Structure formats: C-alpha cells, structure tokens
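For reference, the structure is listed below as structure tokens.
Treat the numbers as computed from the prediction; the structure is a model and nothing was measured.
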Amino acid sequence: MTEAFTERFLTARRELIRREFSDLNERQREAVLTTEGPLLLLAGAGSGKTTVLIHRIANLIRFGCASDSRECPDWITEADVEQMEQALRLPGPMTPEIAARCALRPVAPWSIIAITFTNKAAGELKDRLEAMLGAQAQDIWAMTFHSACCRILRREIDRLGYTGRFTIYDTADSERVMKDVMHDAHIDERELPARLILNQISRAKDRMLFPEDYEKRAADYREQLVSRCYVDYQRRLREANALDFDDIILLTVKLLQDYEEVREAYQRKFRYVLVDEYQDTNNLQYLLTALLAGGYENLCVVGDDDQSIYRFRGATIENILNFENQFKNAKLIRLEQNYRSTKAILDAANAVIKHNRGRKGKTLWTKNEDGVGITLKRAVNEAEEANYVAGRIFAMKGSGSYRDFAILYRTNAQSNALERAFKFNGIPYRIIGGTRFFDRAEVKDMLAYLWVINNRADNLRLLRVVNNPPRGIGAKTLETVDRLAEAAGLPLYLVLSDPYHYPALEKSAAKLMSFVLLIEECAALLDTLSLPDFYDALVEKTGYAAMLEAKGDVESRTRLENVRELRSSLVGYVENHPDDASLNGFLEEIALYTDIEAYDASADAVVMMTMHAAKGLEFPHVFLVGMEEGLFPSLRCIGEQEEMEEERRLCYVAMTRAKKSLTVTCAQQRMLYGRTTANKVSRFVEEIPQDCLANPVQKQRQSLGPQPRQSPGLPYPPQHRPSRPFQSFVQNAPAKELPEYRPGDSVVHTAFGRGMVISVNKMGNDALLEIAFDGKGTKRLMARTASAHMKKA
DNA sequence: TATCGTAGTGTTTTT
DNA sequence: CACTACGATA
C-alpha cells in the first residue's frame with residue numbers, strides 16, 4: 001500500500017465525514033470531530049450544544065474515534081477510494097456502503113456514557129440518539145449522575161456493607177430521620193433547624209468527609225452538635241440499608257477510589273465520557289467524572305459558566321474554570337453563535353449578565369433577525385399581572401398555538417395567581433413541577449409499603465405504614481419496639497416480626513404478627529403476579545382502599561384516585577422495561593424522578609414552570625413574571641454578592657429561553673405569605689438597556705402593549721377560593737365522573753341554550769371547551785365548571 | 001389509641 | 001397562608 005494511496009483514502013474519508021456534519025458550523029464540527037482527550041466545550045445558551053453532543057456520539061459510533069486517523073486498513077481497495085472520491089463530487093449524505101468504509105474502529109455504544117443533570121435532559125438525549133442511531137442507542141449510558149451511580153451501586157455496593165436492595169431516601173425522608181435524631185439527642189430544632197444540619201452534612205459529603213472525619217474537624221460547639229447528628233443520622237441510614245441523594249454519588253466515588261478492580265473495570269468500559277451542564281457539577285461529581293474518565297481520558301464536558309444556577313446545592317463553577325488545569329492537554333472550544341433568539345433578546349440578556357464579575361467572559365452573537373423589543377409591564381398586583389399575561393397571550397396567539405408560550409417564575413407559589421387567571425379566561429395551561437404526585441401523602445403511603453416489601457430494614461417507611469390504616473399499633477408499642485431494636489441492634493422489622501420473643505411486646509403481639517403476616521403475604525405475591533396486579537392486591541389487602549372508601553368524602557375519593565393512579569405509573573414502568581422490570585427498579589426510578597412527565601404533552605397549552613425547570617428548554621414566546629426586588633432577585637440574595645450573581649445568571653437563563661419575544665412583568669404590590677408587600681422593579685429589569693425595550697420606561701404608566709381583546713381588560717375572577725381539597729394533583733388522573741366531550745357533541749346549557757362543541761382541550765383533569773351556542777356566539781368554558789349547568793343533548 | 005383543634009412556624013431553586 | 005407538631009379529649 002503506497003503512501004499516496006493512504007493519503008488519498010484519508011483525505012477522502014476526512015472530507016466525507018466533514019460533509020456529513022455540514023449542517024454544523026465550524027466550531028461545532030470541530031467539537032464533534034475532536035474525539036480524543038479532554039475537551040471543554042464552553043457553549044453559550046442556544047448554541048446547539050445538545051446537537052453537538054448527539055452528533056459527537058453519532059460520529060463515534062458510526063465512524064469511529066479517529067477522524068484524524070493516520071491509518072489505512074489493508075481491506076481498503078482502490079475501488080473503495082474511487083467510490084469515496086466520486087461520492088465527494090456528488091451532493092448529499094454518504095451511502096451506507098461508503099459509510100461502512102469510513103468506519104475505522106467504530107466505538108461500541110455501551111462504552112459511551114453521557115451524563116446529564118435532569119431526567120428531562122437525559123430523556124431528550126436518549127430520544128434524539130435513538131432517532132439518529134436506532135436501537136443501538138439503547139446501549140449508551142445516557143442518564144443522570146444519580147441513575148448512573150445507582151446502576152453501578154446495585155452491582156457493587158456489597159463491598160461497602162450495604163445490599164443491592166438499598167432504599168433511597170429523598171429530602172423529606174432525610175429530614176424525618178434528622179428530626180428523629182435530634183429528638184433523641186435532645187437538640188432543640190429552634191436552636192438548630194434540621195434542614196441546616198442536613199445542609200452541613202451535604203457539604204461535608206461533598207468534601208468526602210465521613211462522620212468520623214467530620215467529628216475530628218468539628219471546631220466549635222455548633223459543629224460538634226452537627227457532628228453528633230451526622231454520626232447518628234448516618235448510622236440510621238446504614239441500618240436501614242438506605243442512601244440519601246448525596247450518598248448515591250459519594251459511595252460510588254468511594255467505591256471507585258478504594259477498589260482498584262472496580263475502578264479498572266469501569267475505566268476500561270467507558271472509553272468515552274461526556275458530561276452535560278458541567279457548570280452545575282459539585283466536587284463529588286467532579287471526582288466521579290474524573291474517576292470514570294481516568295482510563296482513556298476521553299472526557300468531553302459541556303457547560304456555560306453563565307448558566308450555573310445550582311450553587312445553592314453545592315455546584316461550583318470552579319469545575320469549569322479549573323478544567324484546563326485538572327486535565328492536562330485539555331482542548332477548549334467556544335460555541336458563541338446563538339441560533340435561538342432574536343438580536344433584541346440576546347442583546348438584553350448579554351447586557352444583564354455583563355453585570356456579573358466572576359465569569360469566564362464571552363459574548364453570544366446571532367445571525368437571527370433583530371426581532372421585536374422586549375415588552376415591559378408594571379401591574380398593580382399579582383392578579384392584574386396574571387390577567388395581563390393571559391390577555392396578551394390570547395391576543396398574540398392568533399392562529400398560532402398555545403404551546404408556543406411559556407411563563408417562567410421564580411417560585412412555584414407564583415403559579416396560583418396565573419392559574420386562576422388562565423382558568424377564568426379559558427386559556428389552556430400546563431404546570432410543570434409544583435406539588436408533585438409522588439409527594440402526595442397517600443402516594444407516599446403506598447410507596448412506603450412497596451419500599452418495605454423491597455427492603456424490610458427500611459425503618460422509616462416501616463413506621464409510616466405499620467399503623468396506617470390504623471391497626472391498633474400505637475405510639476406506645478412502637479416506642480417499645482424501637483427500644484428493643486436499639487438494644488438488640490436489629491432493624492425494627494425483625495423485632496416486630498418476633499414479638500413473642502420479647503415479654504414487653506406480649507400485649508400487642510397478635511397485632512404485630514398480623515401486620516407482619518400481611519407484609520409477607522403481599523411480598524410473596526410478587527413471585528406470582530405482575531407488578532400492577534401485585535399492586536392491586538396490595539391496595540386491597542392492606543385495607544388502604546377500604547379505609548378511604550369508608551370515609552367517602554370528596555377528599556378521600558380524590559386520594560383513592562391518586563392511589564389507583566400510582567398503578568398506571570407501574571404499568572408505564574413495566575412497559576418501558578419489558579425484560580428487566582422489578583420492584584426495586586421501579587422504586588429507584590420513582591425516587592430519582594422527582595419531576596413527573598406524565599402530563600399530556602400533546603395538548604395545546606401554555607406552559608408554566610420555574611426558571612430553574614426551564615433550563616435547557618426554549619419557547620417562541622416567553623413571559624418572565626414577578627420581576628421585583630425581593631422576589632427576583634430573592635430577598636435573601638440582596639446584599640450577598642455571590643448569591644446575587646447566581647440570581648442574575650438565573651435571569652440570564654430565563655431570558656435566553658425566548659426565541660421570538662420576551663415579555664417581562666412585575667407587580668407594584670403582591671400578596672406574599674398572606675401579607676401584602678410593595679416591591680420595586682427588579683434590578684435585572686433596570687439592567688436591560690432602554691433600546692432593547694419595545695416600550696421605554698417613560699410611557700409605562702399608560703397602557704402598555706396590546707390590550708386584551710375584551711377590553712377594558714379581562715375581568716378578574718372574584719376572590720372565591722375554588723374548592724380544591726387535594727385537587728391540585730389529580731390533574732393526571734382520568735376524571736371519571738366528568739362527561740367526555742368531543743368536538744361535534746350537542747349540548748344544552750342552562751344559560752346559553754343549545755350549542756355544539758367545537759373543540760376540546762384537555763387540561764389535567766379538566767378540559768377547556770369551545771362551544772358555539774345558537775344565537776349566543778362562541779363561548780370558552782371549563783368542562784368541570786360548565787357541567788354543572790350543562791348536559792349533552 | 002385515635003382524632004380533633006390549636007398554636008406556632010416558615011416559606012427558592014432540585015437529584 | 002399553609003403546613004406541622006403537639007396536646008387535649010373521646
């Protein structure tokens with residue numbers, strides 16, 4: 001094989017591959033084709049970083065690692081090269097045959113791990129990879145830090161004295177444990193709140209300080225208190241075979257550090273490591289990343305220091321800033337071209353973020369059109385603000401669709417006023433986050449049963465269900481059980497399953513035994529029944545359903561619906577895991593999936609969420625509401641340089657979600673925890689240059705922006721408390737008692753007479769109906785409310 | 001032992 | 001305002 005031949009082949013191959021990624025810009029392509037070694041991708045908002053990530057993986061799998069390879073395999077023939085050169089002269093993508101010739105040392109999908117922060121991001125990554133690569137994409141480890149660690153731990157955690165059936169405690173569970181710890185240690189919560197201690201512990205874990213290490217370092221009295229709590233807290237978790245969120249990462253790092261054979265196995269497995277949102281990693285996550293990538297050092301991290309918004313939970317931008325020191329020969333590529341937003345939006349966002357001092361410094365630019373200026377609205381209160389947003393969306397929508405609009409706020413509580421205004425004005429909406437399904441007491445109860453069946457040592461969950469529904473096992477008995485367990489060094493369950501062994505439990509022995517039998521009986525069903533059927537049996541056998549049915553009030557019925565709704569989560573899980581469905585797997589998924597994606601994404605609705613939740617998303621039209629000093633930036637950040645900068649980054653993230661238009665609103669006064677407060681306009685608004693605004697400040701007092709059509713402004717509903725006991729969540733449950741409306745149905749309304757349903761827009765457990773009434777015009781009504789005055793004809 | 005009522009408390013963002 | 005913790009009562 002001559003040198004000239006090799007050269008021809010390599011040139012043709014390189015050019016073909018470059019052309020395969022011709023829809024990327026120069027920098028993006030460089031990022032895709034730089035496959036070896038440490039790579040830091042500084043990717044601004046809207047710079048197409050996810051696309052780059054996906055193409056990068058696709059390139060590895062399709063063409064192999066070395067786009068700059070110097071080798072020419074001996075199976076390449078003259079005919080091959082000629083074919084390749086000819087293909088170069090023709091437009092269009094490669095044929096499969098030619099692609100196969102270009103594939104030198106293709107990378108196995110299972111040797112790639114792509115880590116993200118949120119499940120949403122991981123899901124999107126998976127979907128897009130699958131769309132591009134087909135079934136082989138399933139072997140790529142595309143998941144969150146936590147789920148990746150769980151997967152490793154399930155296999156390896158035995159070494160650390162836990163079992164693979166470990167339980168995961170969420171923040172609420174951790175807090176419960178900590179409160180118990182403090183109660184037993186006679187530490188007053190008013191002196192030192194449990195949350196604060198947990199925060200300290202979390203920070204200790206981030207620095208890899210185990211209880212015994214922390215104990216040695218505890219300097220002052222306060223730290224000694226924390227230390228005592230830490231020791232006991234960790235002991236309880238260990239005894240319950242339970243891990244909190246931090247432990248999941250911490251123990252994985254420990255495992256990889258201390259056990260050479262484990263470390264080597266994973267380092268050999270993962271030839272390519274990719275980490276998204278690197279600016280949000282904490283120290284532990286950095287260590288984990290470094291360990292995983294430690295074998296081949298093919299590590300690509302993507303991040304944007306301006307979008308770091310999780311400092312409050314330990315994320316440190318240092319990881320980005322130090323990357324080039326930590327990894328020798330790291331390459332840096334900046335992606336600064338923005339493909340998402342108009343110039344006006346980008347200018348405004350750039351101007352705001354410029355006020356931060358601790359940044360790596362970059363300026364996004366775009367070839368997009370100038371676009372319209374940013375609209376600013378000052379409302380008198382949150383009701384008017386919400387109403388304004390509703391009206392403006394209604395006016396802007398035209399023939400477009402509602403899903404083009406997003407409303408972003410700082411705190412979940414702000415959704416209330418918006419929800420009311422949208423309901424009243426008949427605009428369909430969808431709320432992401434907020435009160436979570438899995439946080440509902442009744443759902444947690446059922447989950448607690450499942451956890452206990454999965455891991456009998458889970459004391460916390462055991463205590464939650466042992467007397468729920470009431471079985472006559474009261475606080476007194478449980479105290480005794482606890483004491484005995486403590487003395488014997490056994491999990492509660494073992495003591496209470498052997499009550500005749502302890503004289504002190506004589507009196508309640510029968511009750512305890514029947515509970516234990518119940519649990520064991522249910523657990524046995526797991527072997528014979530499918531997960532959903534097993535769950536049905538559980539709901540009945542435990543008497544939980546009966547308890548709720550007996551009460552029979554509205555609230556209980558709603559709760560029963562939620563209990564049954566959990567079944568569909570199980571069904572969904574089983575469908576997604578045809579081969580490896582297990583109770584353990586289901587519970588893990590639930591524990592790590594705080595944000596439930598069960599909403600109907602196909603419905604055409606305005607979406608509302610916190611600014612944090614919006615990271616990584618984009619919308620044609622974005623509304624930023626509640627832009628007031630004290631709310632955003634939040635009160636506790638004012639006067640704190642560092643925290644203020646984080647808040648500003650959050651603002652930057654929020655603004656850069658918008659593609660075409662950005663509307664910024666605030667209220668002169670608003671109800672905040674039952675108190676009316678007057679707030680100044682947010683400093684972030686002041687930081688937007690005048691010439692980016694559609695309506696410069698002077699004119700602000702007059703009507704701004706287009707008025708809602710039904711002027712003078714849509715009426716705001718009277719302050720009635722909509723009777724909503726626990727309604728907030730049934731959102732996802734099919735509302736059985738509601739008549740199903742379909743377009744074309746004839747209806748009779750007590751006030752409007754005869755009409756025909758034109759459109760139905762599902763919104764949670766309700767639906768927005770558009771009905772043309774004979775002689776009364778077209779009305780928009782919520783199905784739930786309207787049904788009281790209307791029936792199908 | 002279960003339930004109800006009251007007083008007190010704390011309110012960001014998420015895996 | 002909303003939620004929790006705790007204490008009094010059936």
Side-chain angles (χ1 to χ4, degrees), chain A residues 115-122 143-150 168-176 179-180 183 189-190 193-196 202 205-206 243-250 277 280-282 284-285 308-315 408-417 432-436 438-439 441 467-479 507-508 511 547 551 588-595 609-615 626 630-637 643 646-647 649-651 653-654 670-676 719 721 724-726 728:
Chain A
I115 308 176
T116 63
F117 256 85
T118 62
N119 298 298
K120 213 188 307 164
M143 49 182 91
T144 64
F145 272 105
H146 292 268
S147 36
C149 286
C150 275
I168 299 169
Y169 281 0
D170 66 19
T171 10
D173 299 325
S174 296
E175 210 173 315
R176 184 68 263 154
K179 282 183 172 163
D180 292 348
H183 183 80
E189 256 234 75
R190 274 168 302 193
R195 275 162 186 259
L196 216 96
S202 177
K205 287 180 176 173
D206 190 41
L243 271 57
D244 67 16
F245 284 137
D246 292 316
D247 287 339
I248 293 175
I249 316 269
L250 176 67
E277 310 282 14
D280 288 328
T281 49
N282 60 23
L284 276 180
Q285 287 159 334
S308 164
I309 54 176
Y310 288 110
R311 213 182 66 105
F312 71 92
R313 66 165 203 224
L408 309 182
Y409 35 76
R410 182 66 237 267
T411 68
N412 279 309
Q414 287 169 259
S415 65
N416 273 323
I432 313 268
T435 341
R436 296 184 193 122
F438 297 112
D439 285 346
N467 199 33
N468 180 11
R471 301 190 174 90
I473 304 174
K476 263 269 157 38
T477 313
L478 290 171
E479 213 172 281
K507 270 192 285 179
S508 16
K511 288 168 182 168
M547 172 181 73
K551 281 199 187 146
E588 177 178 314
E589 206 159 279
I590 298 281
L592 299 178
Y593 264 73
T594 50
D595 58 340
M609 67 184 103
T610 65
M611 300 183 188
H612 280 88
K615 191 161 82 151
L631 221 202
F632 187 48
S634 130
L635 200 57
R636 54 196 336 156
C637 304
E643 302 205 14
E646 169 132 329
E647 207 77 346
R649 289 193 292 271
L650 182 57
C651 183
V653 168
R670 84 169 56 229
M671 273 268 260
L672 226 47
Y673 347 106
R675 200 170 297 276
T676 304
Q719 293 292 338
R721 278 248 125 255
R724 32 175 266 172
F726 272 92
S728 161

Open item on the list: In whole Å, measure the gap between the C1' atoms of C:dT4 and B:dT13 for me.
Closed with: 22 Å
Task: Of the listed nucleotides B:dT14, B:dT15, B:dT1, the one nearest the side chain of A:Lys476 - done: B:dT1
Task: Validation row: A:Lys615, A:Phe117 side chains within 4.5 angstrom (heavy atoms) - done: no
Open item on the list: In whole Å, I'd like the distance from the NZ atom of A:Lys507 to the P atom of B:dT1.
Closed with: 8 Å
Open item on the list: Output the rounded distance in Å from CE (A:Met671) to P (C:dC1).
Closed with: 6 Å
TODO: Return the 5'-most residue of the pair A:Ala475, A:Ala613 with respect to DNA chain B, ranking by each residue's nearest nucleotide.
DONE: A:Ala475
Open item on the list: Once side-chain contact (heavy atoms from CB on, under 4.5 Å) is applied, do any residues pair with A:Arg195, and if so which ones, sequence neighbours excluded?
Closed with: A:Glu175
Task: Rounded interatomic separation in angstrom, taking CG from A:Asn282 and P from B:dT13 - done: 20 Å
TODO: Nearest whole angstrom, please: distance from the C1' of B:dT14 to the CE of A:Met611.
DONE: 16 Å
- [ ] Take atom CD1 of A:Ile432 and atom P of B:dT13, then tell me their distance rounded to the nearest Å.
- [x] 15 Å
Open item on the list: Quick check for you: among B:dT15, B:dT11, B:dT13, whose closest atom lies nearest to any side-chain atom of A:Thr610?
Closed with: B:dT13
TODO: Check whether any side-chain N or O of A:Ser202 sits under 4.0 Å from OP1 or OP2 of B:dT15, and answer yes or no.
DONE: no
Open item on the list: Over all strands shown, is A:Arg176 touching base, sugar-phosphate only, or nothing at heavy-atom distances under 4.0 angstrom?
Closed with: sugar-phosphate
TODO: Take atom CG of A:Leu408 and atom P of B:dT13, then tell me their distance rounded to the nearest Å.
DONE: 14 Å
- [ ] State whether A:Arg471 places a side-chain N or O below 4.0 Å from either non-bridging phosphate oxygen (OP1 or OP2) of B:dA2.
- [x] no
Task: Which nucleotide in B:dT15, B:dT11, B:dT14 has an atom nearest any side-chain atom of A:His612 - done: B:dT14
TODO: Among A:Asp244, A:Asn282, A:Asp246, find the one that has a side-chain hydrogen bond (donor to acceptor under 3.5 Å, both in side chains) with A:Lys205.
DONE: A:Asp244
Open item on the list: Using modelled atom types and a 3.5 Å cut-off, is there a donor and acceptor pairing between side-chain atoms of A:Ser174 and backbone atoms of A:Asp170?
Closed with: yes
Open item on the list: Let me spell it out: for each of A:Gly474 and A:Phe117, pick the nucleotide of DNA chain B with the closest heavy atom. Which residue's pick is nearer the 5' end?
Closed with: A:Gly474
Task: N/O (side chain, A:Asn467) to phosphate O (OP1/OP2, B:dA2) under 4.0 Å - done: yes
- [ ] Would you mind reading off the distance between A:Lys205 atom NZ and B:dT15 atom P, rounded to a whole angstrom?
- [x] 18 Å
Task: Under-4.0 Å salt bridge between A:Lys476 and A:Glu479 - done: no
Open item on the list: What is the distance, to the nearest angstrom, from the CZ atom on A:Arg670 to the P atom on C:dC1?
Closed with: 17 Å
Open item on the list: Regarding A:Thr477, tell me which of base, sugar-phosphate or nothing describes its non-hydrogen contacts under 4.0 Å with the strands shown.
Closed with: sugar-phosphate
Open item on the list: Please enumerate all residues that pass side-chain contact (heavy atoms from CB on, under 4.5 Å) together with A:Ser147, with sequence neighbours excluded.
Closed with: A:Met143, A:Thr144, A:Leu592
- [ ] Look at A:Thr118 and B:dT15 and indicate whether a side-chain polar atom (N or O) is within less than 4.0 Å of OP1 or OP2.
- [x] no
- [ ] Respond yes when some side-chain nitrogen or oxygen of A:Lys179 is under 4.0 Å from OP1 or OP2 of C:dA5, and no when none is.
- [x] yes
- [ ] Name the nucleic acid region contacted by A:Phe145, choosing base, sugar-phosphate or nothing; use a 4.0 angstrom heavy-atom cut-off, strictly under.
- [x] nothing
Open item on the list: Quick check for you: among B:dT11, B:dT15, B:dT14, whose closest atom lies nearest to any side-chain atom of A:Phe245?
Closed with: B:dT15
Open item on the list: Given B:dT13, B:dA2, B:dT15, identify the nucleotide with an atom nearest to the side chain of A:Asn412.
Closed with: B:dT13
